[in-house]
Amino acid sequence: MSRGIYECINCGHREILDSSEPLLEKACPRCGGDMVLVGFYTESQELTVQVQPSRPSLPENLKEKLKEFYNLELKQIDGNVFVFEVQGIMENNFERVLKELEELGYWAALKKREDKVLLFVFPAQEIKEDNRWLPWIFLIATIFTTFLAGYYLSLAYIDTLNYYGLPGIRNPYLNAIAFSISVMAILGTHELGHKIAAAYHGVRATMPYFIPFPSMLGTLGAVIRVKSPLPTRNAAIDLGISGPIAGFLIALPVSIIGLRLSIPVPAELVSPTEGSIVFGENLIFLLLEKYIVTFPEDTVIFLHPVAIAGWVGILVTFLNLIPAAQLDGGHIARAFLSEKTHRYLTMAVGLVLIGMSFLWVGWLIWGMLVLLMGSVGNPGALDEVSPISKKRLVLVILAVMIFLISATPRPLWVTG
């Protein structure tokens, strides 16, 4: 990695860091100000040598373009970063500003610093092309692993049917296919929601990468990687909420269908079996079982594989909406919080999850993962000045409601 020489725009402190980013926000160890790249350090240089690159001049086409959007004054040029103080904003659509600046080869960040609004303009980073084949390879592998998981879940379901002499679908391959399709539909729609929101806001993102894993579910989920900065806080909220809403809308009918295929057995006929897996309740399933798919009282429900797929979709929605780190809920929270406050929130959430490990050992892993992701931080949107729209506030309220009704404090446990 290239080692860059950085200078604080507030106090002038210089330091050599293992980075080549043009701007490091609040990275100055002395005053906490922003540090800009002013040169590069190589192994042949002594640590006391400070490279002074030639100061670039403000390109005329960039200058004229900026005047269309802002009433501003150039304050300083640090390396290849132009720092302006903004006195007036003529264009409130920052996504348009970013798009037109990118055509000139630049990105920008609009930040508040005390009582001032500063505009940082710096060269746009090169975005590498996606690997065309890797997402398809992962997709095919995940279809295979989820089919195998569905097959073994189907065998347990059929054994239950046979044991209690109940009617039901006894074809393990049909049940396995139904499970695989259900899981892939929920995860795929979740990531597709992110992809559509990213495209809408001009954010570059990869195709969904499904993660195959030989387990009871056959997968660890799916992800997309955002390859360019989030332009606005509205965009951050859209990208954060789009996936959970899309996946939730598929998980609901899947859960209903799966519950209709599930087996209710009178509690007095069920003898506790050591080593059986019990799926925890959430408010969604409780409501579905009470008002949509009613079961007789005092019964134990043996879930059909499709119901398990729906339950997993609800759990994935809940986990992704946790307001921490780079999770979907974390991006939503970052739209309202400063980077420092968001980091504290992430630490608090991580510790709470670790504390909840007495309910489910998986919370220990999740808590440590949140703390690890939180150590990287969440840079937030490039534009932290423009207000959040009322429509996004409604979406945030909807996200909070989905988070609460999807909450599963104790997802799994094994009888013994």
Side-chain angles (χ1 to χ4, degrees), residues 182 185-198 200-201 221-222 230 232-259 279-294 307-337 341-342 345-346 348-350 352-353 356 359-360 362-363 366-367 370 378 380-381 387-411:
S182 300
I186 293 170
L187 297 179
T189 305
H190 180 114
E191 298 306 327
L192 185 60
H194 288 314
K195 182 70 174 177
I196 293 173
Y200 177 79
H201 289 285
L230 302 180
T232 63
R233 294 189 292 170
N234 284 337
I237 292 172
D238 286 351
L239 264 73
I241 189 62
S242 56
I245 286 181
F248 184 78
L249 291 177
I250 300 299
L252 271 181
V254 167
S255 299
I256 293 172
I257 294 170
L259 285 173
F279 294 89
E281 291 278 15
N282 52 61
L283 191 56
I284 282 292
F285 261 61
L286 290 175
L287 292 173
L288 291 178
E289 291 171 3
K290 185 173 183 179
Y291 297 106
I292 306 298
V293 185
T294 56
I308 295 175
W311 180 90
V312 169
I314 300 296
L315 179 64
V316 166
T317 300
F318 167 60
L319 294 176
N320 274 279
L321 284 175
I322 292 174
Q326 291 86 36
L327 297 171
D328 294 337
H331 289 305
I332 297 171
R334 179 67 176 89
F336 294 89
L337 304 175
T341 304
H342 184 267
L345 174 64
T346 296
V349 170
V352 168
L353 292 178
M356 291 173 60
L359 293 174
W360 178 49
W363 289 131
W366 264 92
V370 165
N378 188 322
I388 296 172
S389 71
K390 292 181 179 180
K391 292 180 180 179
R392 270 64 183 203
L393 295 177
V394 173
L395 283 178
V396 171
I397 294 173
L398 178 61
V400 172
M401 293 174 61
I402 292 176
F403 175 73
L404 293 176
I405 62 178
S406 302
T408 313
R410 192 184 184 189

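Side-chain atoms are counted along with the backbone in the values below, which use heavy atoms only and exclude waters and symmetry mates. Residue indices begin at 1 and follow the sequence shown.
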Which heavy atom of [X] sits nearest to which heavy atom of [Y], and what is that distance?
{"X": "S255", "Y": "F285", "result": "OG-CE1, 3.5 Å"}
{"X": "A251", "Y": "I314", "result": "CB-CD1, 4.0 Å"}
{"X": "G193", "Y": "A246", "result": "CA-CB, 4.2 Å"}
{"X": "S182", "Y": "V254", "result": "CB-CG1, 3.8 Å"}
{"X": "P323", "Y": "A333", "result": "CB-CB, 4.2 Å"}

State whether the side chain of R410 and the backbone N or O of G280 hold a donor-acceptor pair below 3.5 Å, judged by distance alone.
-> no

Keeping the roles fixed (side chain from W363, backbone from V352), state whether a donor-acceptor pair exists under 3.5 Å.
-> no

To the nearest 0.5 Å, what is the distance between [atom1] ([X]) and [atom2] ([Y])?
{"X": "I250", "Y": "H190", "atom1": "CD1", "atom2": "NE2", "result": "12.5 Å"}
{"X": "L359", "Y": "T408", "atom1": "CG", "atom2": "OG1", "result": "12.0 Å"}
{"X": "I241", "Y": "D238", "atom1": "CD1", "atom2": "CG", "result": "9.5 Å"}
{"X": "L252", "Y": "L288", "atom1": "CG", "atom2": "CG", "result": "6.5 Å"}

Partner of H331 under side-chain contact (heavy atoms from CB on, under 4.5 Å), chosen from Q326, H342, R233 | Q326

Passing option when T346 is tested against I322, V370, L337, N378 for side-chain contact (heavy atoms from CB on, under 4.5 Å) | V370

Contact check, side chains of [X] and [Y], non-hydrogen atoms, under 4.5 Å:
{"X": "I245", "Y": "I402", "value": "yes"}
{"X": "I332", "Y": "F403", "value": "no"}
{"X": "V312", "Y": "I186", "value": "no"}
{"X": "N282", "Y": "F318", "value": "no"}
{"X": "F248", "Y": "I405", "value": "yes"}
{"X": "L187", "Y": "E191", "value": "no"}
{"X": "F336", "Y": "T341", "value": "no"}
{"X": "H194", "Y": "P244", "value": "yes"}

Tell me, with the steps shown, if R392 and T232 meet side chain to side chain contact (heavy atoms under 4.5 Å, CB included).
-> CA-CA 12 Å; R392 270 64 183 203; T232 63; over 6 Å; no

Evaluation steps, side chain to side chain contact (heavy atoms under 4.5 Å, CB included), between I388 and I237 | CA-CA 9 Å; I388 296 172; I237 292 172; 3.7 Å; yes

Would you say the side chains of N234 and H201 form a donor-acceptor pair under 3.5 Å?
-> no

